[in-house]
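Convention: sequence-line order gives letters A, B, ...; per-chain numbering from 1.
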Amino acid sequence: MGKRVAVVGVGMTRQRSSRPDVNGQELIHEAVRAALADAGMKRDDIDAVVIGNMDHFEGINYVDTWSVDGSGALMKPIMKLTTGGTTGSTVAMAAYYHVASGLFDRVLAIGWEKNSESDTTGAIITAFDPFWDRPIFAGAVAGLALEATQYMHLTGATEEDAAYVAVRERRHALNNPFAHLHINLTVEDVMNSPYLSWPVKMGDMCPRTDGACALVFASEDLVEEFPNQPAWILAVADRHLWAYTSDPYVNQALENGWWFPALEWAAREVYDKVGVREPLKEIDVAELYLPYSFAGLRYMESLGFCPRGGGPELVRSGATDMGGECPVNPSGGVMSSNAIGATGLLRVAECALQIQGRAEDRQVPDVRLALATGFGGCFWSDVLLMGREKPERSRG
Amino acid sequence: MAGEKNGEGKEAKEERKELIKLESGEAEQPFRWSAGTYGSRFLSELRDNCRFVGVRCPCCGRVYVPPRRVCGPCFRELTELVPVSDEGEVITFTVVSFGFVDPSTGRQKPVPYGYAVIKLDGADTYILHYLDETDPGKIKVGARVKAVFAEERSGSMLDVKHFALLRA
Amino acid sequence: MEDWRTGQEILVMEGRIKVPYRWAAGETGTRYLQALRDEMRFLGTRCPQCGVVYHPPRRHCPDCGTECEWRELASRGVLVTYTVVRRHHSQLTPLDIPFAYGIIRLEGADTGFLHLLHEFAEGELRAGMEVEAVFATEREGSVRDVRYFRPLREAV
Amino acid sequence: MEPVAVVGVGMTRMERERRPDGYADLVYEAVCLALADAGMTIDQVDNVVTISNDFFDGRTISSMAVQDACGSYDKNISTVEGDGAFGAFYGLMRILSGSFGTTLVCAHHKGSESDMSLITNAMFDPVYERSLGIEAVTSAALQARAYMDRYGVSEEDCALVSVKNRANALRNPLAQLPLELTVEEVMSSPYLAEPLKVLDCCPVSDGAAALVLASAERARKAAGKPVWVRGVAHCCDAYHLGDRDLSDVRALQRAAAKAYSMAGIDDPAREIDVVELYDAFSYMELMWLEGLGFCGRGEAGRLTAGGATSLEGNTPVNASGGCLAGNPVLVAGLNRIIECALQVRGEAGEHQVEGVRTAVAQGINGPCGQSHCVWVLGGER
């Protein structure tokens with residue numbers, strides 16, 4: 001049986017549009033140093049390092065070996081994982097399995113990106129098939145716009161419904177000193193912002209960000225050593241289903257009304273493992289990878305927070321605001337900071353802080369159960385459930 | 001949490017202080033991607049016959065367009081070639097209006113353009129392609145479209161210039 | 001029925017990834033490159049904890065993470081190892097063939113750094129020999145502001 | 001460590017150019033072979049780890065291309081970007097965690113589609129090194145020179161590795177470059193970057209591989225003879241080439257020491273029967289043999305010349321022909337593990353070594369073997 005695993009140290013850089021004052025290794029180092037200090041550790045205490053980003057955003061191959069000056073992996077095991085937008089959550093899951101395996105007791109997970117160093121859309125387009133997709137595809141913004149169009153068509157949701165999500169995320173970010181965007185937007189501001197790719201407007205999208213995040217994962221045998229309360233990983237799951245950018249639309253139709261199968265199936269797996277039946281009631285806070293506003297409607301439905309088509313009503317009800325039944329993205333989420341390789345890991349970091357009661361101005365009271373997700377690839381999903389109480393057994 | 005103070009107020013400092021950046025300039029990574037046997041069949045049919053083909057899964061019956069060797073859900077090898085129509089239906093669409101670099105050229109891609117996820121008649125999976133319309137008000141989910149082929153064809157998706165909206 | 005896959009003509013796409021990059025040297029890298037560009041001087045950084053002088057400079061020690069301090073280095077040093085390159089590559093080859101890559105430990109530094117060697121006679125290069133930097137006339141703030149290193153010539 | 005076994009293996013042929021098949025086609029072939037070998041269907045695979053590299057594939061999220069082909073539909077899946085030995089390690093950990101009983105690990109590579117020099121130039125730092133044009137072969141040449149200078153190893157010593165491994169490849173039907181060579185022929189092949197000559201270097205290859213790992217309980221249900229993972233570890237040295245003594249093998253030594261201690265091995269030369277290591281360049285086999293503790297530093301040339309590492313020797317090294325006989329990058333480390341598993345099973349065919357009970361496989365990441373992963377496999381738990 002595997003070890004139970006907790007997050008015991010959190011480090012992040014301030015998320016910024018551009019960090020020309022540091023190179024990539026130095027940016028990574030900032031987050032690593034913060035995480036080690038937070039966990040009261042020295043570099044020598046780390047048993048292994050897991051790192052992730054997307055190669056073509058910085059144009060650096062073999063980032064695991066390149067990063068050593070900053071990651072602290074000198075003469076240690078380091079492994080790179082990359083799965084696109086889900087990279088950060090993938091890294092968190094890999095760190096979890098490193099510790100759960102019993103082979104490593106203290107593992108550093110690092111996610112980072114310097115989006116300022118390239119053309120983000122240009123780099124993302126290279127994720128898609130050079131024959132079928134690449135000549136036409138226009139990157140994440142336009143890809144998400146396809147989803148938004150379909151969502152509105154199927155549910156009757158409006159652009160204004162989505163704007164409420166954008167406003168909530170930016171309002172929450174005002175409480176987070178690490179967030180990239182600190183702007184107070186109104187629904188009108190979002191509605192009046194220019195179209196990037198119809199129906200997606202500037203105000204609906206995440207920014208391009210430079211930033212890094214590092215977490216320390218520790219085995220149940222050692223959690224007493226650390227100054228922070230452990231934030232336990234209760235369950236993790238992912239689904240990466242498709243190979244071509246138009247496949248997800250197919251599967252929705254074929255799987256008899258599955259809305260977003262990758263997210264639904266992964267969520268179902270972690271809910272079953274932990275025994276969650278009514279997510280909205282039972283989960284105290286959610287840090288979700290919502291790369292744009294419409295995701296804040298549709299993905300809530302896929303996660304079982306409301307019935308299909310119920311996203312707009314849920315968001316307008318205030319249930320996902322600070323003080324609501326289940327605040328979503330108290331950090332401001334992806335729409336306020338998106339250093340892609342760091343983004344999924346930041347969701348886990350924020351859940352850890354919430355569980356530990358250390359989220360300061362963005363703290364939700366008495367968090368016992370927190371949900372983190374990663375989104376990316378071709379509508380792929382990673383899902384992690386975290387909690388305050390040590391689980392009865394390991395059930396990754 | 002131990003937050004890092006670096007990065008605070010940097011924006012202001014940058015104006016005063018030079019920070020060097022190194023540029024990749026004209027550097028590029030060239031590739032010779034094989035379309036594979038299945039992709040080559042699809043593309044040569046486009047090039048030579050202005051025709052779309054797919055492959056049918058012997059297990060679930062799905063017709064994959066463009067063709068591929070494996071049906072993911074069934075994990076079965078696909079062999080049966082199936083002709084599909086050059087007409088179909090818009091599943092979803094967008095109109096791109098923001099500027100970005102085309103990674104195939106290193107230059108800005110011309111915008112605006114409309115593109116769609118299209119279900120060809122007889123296919124169960126969809127393709128992406130350009131539409132001949134840039135006004136989102138004039139495009140509808142469910143609209144009928146037909147492929148318009150290029151005069152000069154070389155065996156690529158761009159052998160189809162775009163899909164034309166069929167107006168009633 | 002014959003399998004259609006047998007004898008299918010295979011199409012190959014000549015493509016490329018050409019995403020433009022602008023890599024930040026950072027404050028540490030900028031100061032280093034400015035010294036090369038403006039003063040034709042090499043700078044390293046020293047870890048106050050380990051005592052190691054790193055070149056190229058590091059903001060923090062890769063070994064212990066301590067913040068490093070600046071040190072001036074000579075523009076000559078010892079060739080640690082080298083390779084004479086005989087194959088030309090259209091995008092990569094920086095100098096006329098044959099040239100060499102070398103790892104050079106400058107006077108004052110504890111680590112070597114990678115650069116080019118030129119102006120050497122066939123068979124002249126040896127590990128342990130002294131080499132000196134030859135700077136470019138037009139300098140723009142990159143490691144190529146040093147054109148290459150060459151075997152140290154005694155002052156004429 | 002709880003017992004975990006390799007229960008199914010599959011490798012495609014390694015070829016200069018496998019034009020009719022894309023990444024997905026190659027992966028499907030390897031996965032089907034591994035499942036058949038394990039006597040399993042895809043339903044018995046609990047989770048999947050794929051291995052690929054966005055640069056080599058010319059594709060961000062390179063794993064996306066193989067989602068259908070790796071059989072991961074509605075399963076947990078992740079992707080390691082690095083050599084197969086590292087990816088397999090992640091697959092192993094996912095079983096040890098207790099969450100999964102089996103992991104399918106697969107890797108693909110098509111060297112024919114990219115420019116190896118440009119791809120490997122991109123592993124060098126964009127601020128300090130990349131504009132110098134350094135890449136895999138020229139950086140390896142720096143290391144070869146440093147090693148040869150320090151220990152008095154000759155080019156002929158290295159050439160002998162090429163001769164031996166290409167000859168071994170004559171017995172491996174999956175090898176790309178089986179050759180009957182002489183040391184003189186290697187010596188007279190043209191220099192790419194001194195002291196490396198064309199015949200000291202691995203070819204550019206296309207290929208894929210897959211293996212199935214299983215817990216003890218699940219291994220009992222598999223068809224073939226389980227090959228147990230007795231120890232595995234990895235370790236990474238400094239990044240900038242000048243920060244390292246390139247002739248040094250300390251990261252490999254540390255990884256090997258950990259893997260050996262897990263496996264209870266005190267004297268590798270005596271206790272290990274066969275080695276498959278990452279010989280992308282001939283000199284690497286010598287350096288890595290020393291790092292793996294089969295002889296003292298600087299002695300591997302003599303060991304090789306004495307025949308100890310030949311098919312008939314005490315510890316045959318790269319009986320399959322190694323990377324010198326075919327190097328689909330990333331797949332290479334998986335191939336090393338698979339070859340070891342086949343040797344332990346006694347099913348390596350023409351290049352089978354007599355009486356193999358324990359085998360060592362090694363893979364590397366980064367320039368000049370910066371990061372090493374070492375696996376010890378054996379017939380007994």
Would you mind checking which part of [X] comes under 4.5 Å of any heavy atom in chain B, side chain (CB onward), backbone (N, CA, C, O), both or neither?
| X | value |
| --- | --- |
| C:R37 | side chain |
| C:E9 | both |
| C:Q91 | side chain |
| C:E140 | neither |

How about [atom1] on [X], more than 12 heavy atoms from neighbouring residues, nucleotides or ligands closer than 6.0 Å, or not?
| X | atom1 | value |
| --- | --- | --- |
| C:R144 | CZ | yes |
| B:E152 | CD | no |
| B:K146 | NZ | yes |

* **Non-hydrogen atoms of B:S40 and C:I10 that approach each other most closely** =>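 Smallest interatomic distance, heavy atoms only, reads OG-CA, 3.4 Å.
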* Asked: Taking all atoms of both residues into account, what is the closest heavy-atom pair of C:V19 and B:S24, and its distance?
  -> O-OG, 4.0 Å
Side chain proximity check, [X] to [Y], heavy atoms < 4.5 angstrom:
| X | Y | value |
| --- | --- | --- |
| B:L22 | C:L33 | yes |
| B:F31 | C:E14 | no |
| B:Q29 | C:K18 | no |
| C:R16 | B:P103 | no |
| C:I17 | B:E28 | no |
| C:W4 | B:T37 | yes |

* Asked: Passes side chain to side chain contact (heavy atoms under 4.5 Å, CB included), C:Q8 versus B:S44? Steps please.
  -> CA-CA 9 Å; C:Q8 171 64 48; B:S44 56; 3.3 Å; yes
* Heavy-atom pairs under 4.5 Å with chain B, option from C:R31, C:M13, C:Q34 with the top count ->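 Option with the top pair count is C:M13.
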* Take C:W23 and B:E23, measure what side chain to side chain contact (heavy atoms under 4.5 Å, CB included) needs, and give me the verdict at the end. => CA-CA 6 Å; C:W23 294 288; B:E23 302 201 359; over 6 Å; no
* Check whether B:V53 gets within reach of chain C through its side chain, its backbone, both or neither, counting any heavy atom under 4.5 Å. =>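 Nothing of B:V53, per the 4.5 Å heavy-atom cut-off to chain C.
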* Which bit of B:T105 is near chain C, if near means a heavy-atom gap under 4.5 Å: side chain, backbone, both or neither? ->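 Looking at B:T105, just its backbone touches chain C.
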* Evaluate side chain to side chain contact (heavy atoms under 4.5 Å, CB included) for C:L11 paired with B:W33, printing each intermediate quantity in order. => CA-CA 9 Å; C:L11 302 181; B:W33 288 295; over 6 Å; no
